[in-house]
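Numbering of residues begins at 1 and proceeds along the displayed sequence.
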Amino acid sequence: MDAAALWQRYQDWLYYHPELGMYLDVSRMGFDDGFVDRLTPALTQAFQSMAALEAGAIANPDEQRMVGHYWLRNADLAPTPALKQDIDQTLADITTFTHQVHSGAVRPPSASRFTHILSIGIGGSALGPQFVSEALTPADAPLQITFIDNSDPAGIDRILAKLGDHLSTTLVLVVSKSGGTPETRNGMVEVQHAYQQQGLVFARHAVAITGDGSSLDQQAKTEGWITTFPMHDWVGGRTSQLSAVGLVSASLLGIDIQAMVQGAKIMDEATRIPQLKQNPAALLALSWYYAGNGKGEKDMVVLPYKDSLLLFSRYLQQLVMESLGKEKDLDGNTVYQGLAVYGNKGSTDQHAYVQQLREGVPNFFATLIEVLEDRTGPSIAIDNGATTGDFLSGFLQGTRAALYGNQRDSITLTIPAVTPRLVGALIALYDRAVGLYGFMINVNAYHQPGVEAGKKAAATVLDLQTKAVAAVQAAGQALSLTELAHKIQAPDQVESLYLILRHLDANGRSIKLIGNPAQPATLSVEARVEVR
């Protein structure tokens, strides 16, 4: 396509939202009018399905749950007055609590103010808050935030070591809908122990964000934690950033959460328009479908050209991949759907993997995210009147041109600045694009059976560990792996048993492996004698 035709295509397919100042350019995706015509019926059906979803249709049939995170952005859309009141009240409660913490009305026992936040969660209970805190926390934030988002003991130790003496002025947010999520509970127990070691009362520092009546909710109320905030069963973890899950920490950091919610509401309204060129989420969904042939055959590479948006690709990984990665479609057919997401920041990507993107395996399409505002205040000239921001803009345009020049598809999303309102709009835009695309490929984007399968498998391993340790300690002598497996009635799980015992032995716990590590089948195991 020559320059004039390409310029015309850019104008034909450019989306602009005047209230948000947001641009979406899909002109460098290679679809033609015939493709759009063929996909129009599926897109029309997706619009209708999204409307039904927002009206309260059961979208998660195996759990009989509605999908209501859209109501968080506009409580007037909630299907019942009680739900509307709950949403409004939670926002009011978050604001009140924030004022109490900032003023010192809610404070730690030994100081006049909380100075730090430690947020404990996993998946959607961590990725959204991490992204937002990285993107929007002001330089003069009233508190500093740290996250425990894994069950890694060494990682937990590093975080607690960094907090050090600040633990006594740290507010702990424990975020878990059920209260039974192992990673979150593990982190909480570790942190409780750290408080005990310093002679501090954990409950006087703790806030629960959880489901009403959950085990965590009951624990918080029994132990007298500072307060609790709700997690509703109609809000999935990966779409929970604009609920208490994300808004409590954001508000405490001094981020304007009302502006975030308002930005998401504005984007929701724009993405309800049932016309392709007037709906940015539909333009994204159509582009994703085109790039991967409706089967996720190409990955989505997300390249934000702004340091503060670095974690956006990680946030999108869960939102997109957990929503769309499905074995079965809505009709029960085996389809193996999905859309892989990865990313880095520009212009770091110039020195990382753009070489492969331009000349390597063409198994991707790129999403370039541009921020027009360079910084608050003027910039100095670096070279021939060009600023660092000019260079960054040039790198983005250069990447876009280099990709197109070698028949690699790309989307460019442009926002005027990284503000609470625009971050809220970004969250809503991709949330709704995922919803539309899910309906277009006929999968349920609102459940995650694969995640539950992984949790069940982990529980099985821990149960096997308990039985193995008990059997070794009761034996009073060394056992081969095969003997041990038969003793605990798990003869077909020798490999898993070996991996469990190797981990215990490496940490000096309960048992000891004897023999040549290079020949696992020859190893024997005995109880470890504790030296006192």
(message) If you define the side chain from C-beta out and look only at heavy atoms, does anything of Gln337 sit under 4.5 Å from Asp329?
(response) no
(message) What verdict does the side chain to side chain donor-acceptor pair (under 3.5 Å) test give for Gln89 and Gln85, after you've listed the backbone C-alpha separation in whole Å, the side-chain angles of each residue and the deciding distance to 0.1 Å?
(response) CA-CA 6 Å; Gln89 188 61 53; Gln85 182 180 1; 5.3 Å; no
(message) Any salt bridge linking Asp307 with Lys345? Criterion: basic side-chain nitrogen under 4.0 Å from a carboxylate oxygen.
(response) yes
(message) I need the minimum non-hydrogen distance between His102 and Pro142, along with the two atoms involved.
(response) NE2-CG, 3.3 Å
(request) Return the minimal non-hydrogen interatomic distance between Leu523 and Tyr498, and the atom names on each side. (result) CD1-CE1, 3.8 Å
(request) Spell out, as yes or no, whether a donor-acceptor pair under 3.5 Å connects the side chain of Gln219 to the backbone of Ser214. (result) no
(message) Take a 6.0 Å sphere around CD of Glu223 and say whether it holds more than 12 heavy atoms from other residues, nucleotides or ligands.
(response) yes
(request) State, with a plain yes or no, whether a side-chain heavy atom of Thr271 is found less than 4.5 Å away from one of Met50. (result) no
(message) Just so I know, are the side chains of Leu309 and Phe131 near enough to count as touching, which here means a heavy-atom distance under 4.5 Å?
(response) yes
(request) Specify whether Tyr195 and Phe202 have parallel, tilted or perpendicular ring planes, treating 30° as the upper limit for parallel and 60° as the lower limit for perpendicular. (result) perpendicular
(request) Indicate the atoms forming the closest heavy-atom contact of Thr184 with Ser176, along with that distance. (result) CG2-CB, 3.9 Å
(message) Check Arg528 with Asp505, please: is the shortest side-chain N to carboxylate O separation under 4.0 Å?
(response) yes
(request) Grab the two heavy atoms, one from Gly124 and one from Pro129, that are nearest each other, plus how far apart they are. (result) O-CD, 3.9 Å
(message) With side chain to side chain donor-acceptor pair (under 3.5 Å) as the criterion, how do Lys328 and Thr334 come out once you've worked through the C-alpha distance, each side chain's angles and the decisive distance to 0.1 Å?
(response) CA-CA 5 Å; Lys328 304 287 186 181; Thr334 299; 2.8 Å; yes
(request) Check whether any side-chain N or O of Asn507 sits under 3.5 Å from a backbone N or O of His503 as a donor-acceptor pair, and report yes or no. (result) yes
(message) Are Ile427 and Val132 packed together at the side-chain level, in the sense that at least one heavy-atom pair is separated by less than 4.5 angstrom?
(response) yes
(request) State yes or no: are the ring centers of Phe312 and Tyr430 separated by less than 6.0 Å? (result) yes
(message) Testing the basics here: between Gln258 and Thr95, what is the closest heavy-atom pair and its distance to 0.1 Å?
(response) NE2-OG1, 4.4 Å
(message) Within the structure provided, determine whether Tyr437 and Leu284 are in side-chain contact (heavy-atom separation under 4.5 Å).
(response) no
(message) So, taking the atom named CG in Asp217 and the one named OG1 in Thr228, what distance separates them when rounded to the nearest 0.5 Å?
(response) 5.0 Å
(request) For the residue pair Phe114 and His205, categorise the inter-ring angle as parallel (less than 30°), tilted (30 to 60°) or perpendicular (more than 60°). (result) perpendicular
(message) Other residues, nucleotides and ligands only: do more than 12 of their heavy atoms fall within 6.0 Å of CZ on Arg204?
(response) no
(message) Does Lys84 have more than 12 heavy atoms from other residues, nucleotides or ligands lying within 6.0 Å of its NZ?
(response) yes
(message) Other residues, nucleotides and ligands only: do more than 12 of their heavy atoms fall within 6.0 Å of CG on Asp492?
(response) yes
(message) Is the shortest side-chain heavy-atom distance between Thr146 and Thr170 below 4.5 Å?
(response) no
(message) I need the Thr90 OG1 to His232 NE2 distance, nearest 0.5 Å.
(response) 4.5 Å
(request) Report the C-alpha distance between Arg432 and Glu54 in whole Å, list the side-chain angles of each, state the deciding distance to 0.1 Å, and finish with yes or no for salt bridge (Lys or Arg N to Asp or Glu O under 4.0 Å). (result) CA-CA 11 Å; Arg432 296 184 68 84; Glu54 289 193 86; 3.1 Å; yes
(request) Measure the CD1-CG distance between Ile159 and Leu167 for me, rounded to the nearest 0.5 Å. (result) 12.0 Å
(request) Find the distance between CE (Met267) and CG (Leu429) and round it off to the nearest 0.5 Å. (result) 5.0 Å
(request) Check whether any side-chain heavy atom of Val174 sits under 4.5 Å from a side-chain heavy atom of Thr210, and report yes or no. (result) no
